[in-house]
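Here's the structure, in structure tokens; my notes come after.
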Amino acid sequence: LPAIESVFLFNTTLSGAPLAQPINATALQTLQMQNAQLSGTIHDSFHAPLLHTLTLQKNAFSGTLPTSLMNLNNLNALIAIDNQISGTISSDIRNAGALKTLGLAKNRLSGTLPGSLGFAGSLLSFSLRLNALSGSLPAPLAYMPTLQDFDVAQNALTGPLPPFVA
């Protein structure tokens, strides 16, 4: 369905793994699948050059977050709260220049926060609450002048606070 611009699936009893196959949606601008009982991985071949909003909240998506999502030039909201996404946050997040909202709370993310996160464009809201992140907060986070909401509560982070927090 190459001409579809928006997909909304809220509070459904649908099932399946709709993102496990390569995605080539050249007209897609909004993809919102919330509380839809969907599962599976998110395929690394995710081509949707006009996509600006991707919401996958309250499903059972698993596997790692594909780096191809970070290369979507128009993506300004990536919200995948309350899933089973695992792995680390890719340093490719610095490529997400339009990203304003990153919501990955209540997943299974681990490892450290990449320093490149501090160079992630014009990020306004950042939530990684309730994951298994460790290590210290990277110093480049201080270079995020537009950041308004920063939530990394309930992780295993240690070390000093960056200057923007202290």
Side-chain angles (χ1 to χ4, degrees), residues 8-12 17-20 30-44 46 51-72 74-166:
F8 299 96
L9 297 172
F10 294 95
N11 302 318
T12 69
L19 303 178
T30 303
L31 178 56
Q32 295 189 6
M33 300 175 171
Q34 293 177 278
N35 199 25
Q37 300 183 26
L38 301 172
S39 61
T41 59
I42 303 169
H43 198 280
D44 195 43
F46 197 104
L51 188 68
H52 57 76
T53 303
L54 178 58
T55 305
L56 305 174
Q57 190 167 328
K58 291 186 178 182
N59 285 291
F61 290 109
S62 59
T64 60
L65 201 60
T67 56
S68 59
L69 292 178
M70 298 305 136
N71 294 316
L72 295 173
N74 293 309
L75 188 64
N76 62 43
L78 171 55
I79 302 168
I81 296 169
D82 200 1
N83 280 282
Q84 299 167 18
I85 297 169
S86 59
T88 60
I89 297 172
S90 170
S91 62
D92 287 340
I93 194 163
R94 70 180 167 273
N95 298 337
L99 195 62
K100 294 188 182 328
T101 302
L102 179 63
L104 297 173
K106 293 183 77 175
N107 277 290
R108 297 177 180 170
L109 296 169
S110 60
T112 60
L113 291 173
S116 60
L117 182 60
F119 306 103
S122 53
L123 204 58
L124 298 173
S125 178
F126 174 83
S127 178
L128 288 170
R129 174 186 290 256
L130 287 165
N131 278 288
L133 298 169
S134 60
S136 61
L137 296 173
L141 289 179
Y143 307 131
M144 299 177 77
T146 60
L147 191 62
Q148 296 173 359
D149 299 308
F150 180 78
D151 184 358
V152 291
Q154 296 177 282
N155 280 287
L157 298 169
T158 59
L161 290 172
F164 81 95
V165 177

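Just so you know, these numbers come straight off a predicted model, no measurement behind them.
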Nearest non-hydrogen partners of [X] and [Y], listed with the distance:
X: G135; Y: T112; answer: CA-CG2, 4.1 Å
X: P140; Y: G115; answer: CB-O, 3.3 Å
X: R129; Y: D151; answer: NE-OD2, 2.7 Å
X: P66; Y: H43; answer: CG-O, 3.6 Å
X: G40; Y: A17; answer: CA-CB, 3.9 Å
X: P18; Y: L38; answer: CG-CD1, 4.0 Å

Quick one: are [X] and [Y] in side-chain contact, heavy atoms under 4.5 Å?
X: L19; Y: L31; answer: yes
X: L117; Y: F126; answer: yes
X: M70; Y: L65; answer: yes
X: I89; Y: L102; answer: no

Rounded distance [0.5 Å steps], [atom1] in [X] versus [atom2] in [Y]:
X: S134; Y: N155; atom1: OG; atom2: CG; value: 8.5 Å
X: L137; Y: F150; atom1: CG; atom2: CZ; value: 5.0 Å
X: L124; Y: M144; atom1: CG; atom2: CE; value: 9.0 Å
X: D82; Y: N35; atom1: CG; atom2: CG; value: 8.5 Å

Judged by atom type as modelled, is there a donor-acceptor pair below 3.5 Å linking the side chain of [X] to the main-chain atoms of [Y]?
X: T146; Y: L123; result: yes
X: N95; Y: I93; result: no
X: N107; Y: N83; result: yes
X: N59; Y: Q57; result: yes
X: N131; Y: L104; result: yes

(message) According to side-chain contact (heavy atoms from CB on, under 4.5 Å), who are the partners of N74, at least two apart in sequence or on a separate chain?
(response)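 N74 satisfies side-chain contact (heavy atoms from CB on, under 4.5 Å) with L50 once adjacent residues are dropped.
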(request) With sequence neighbours left out, write down each residue that passes side-chain contact (heavy atoms from CB on, under 4.5 Å) with T53, or none if nothing qualifies. (result)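 If we apply the side-chain contact (heavy atoms from CB on, under 4.5 Å) test to T53, skipping adjacent residues, the hits are T30, Q32, T55, N76, A77.
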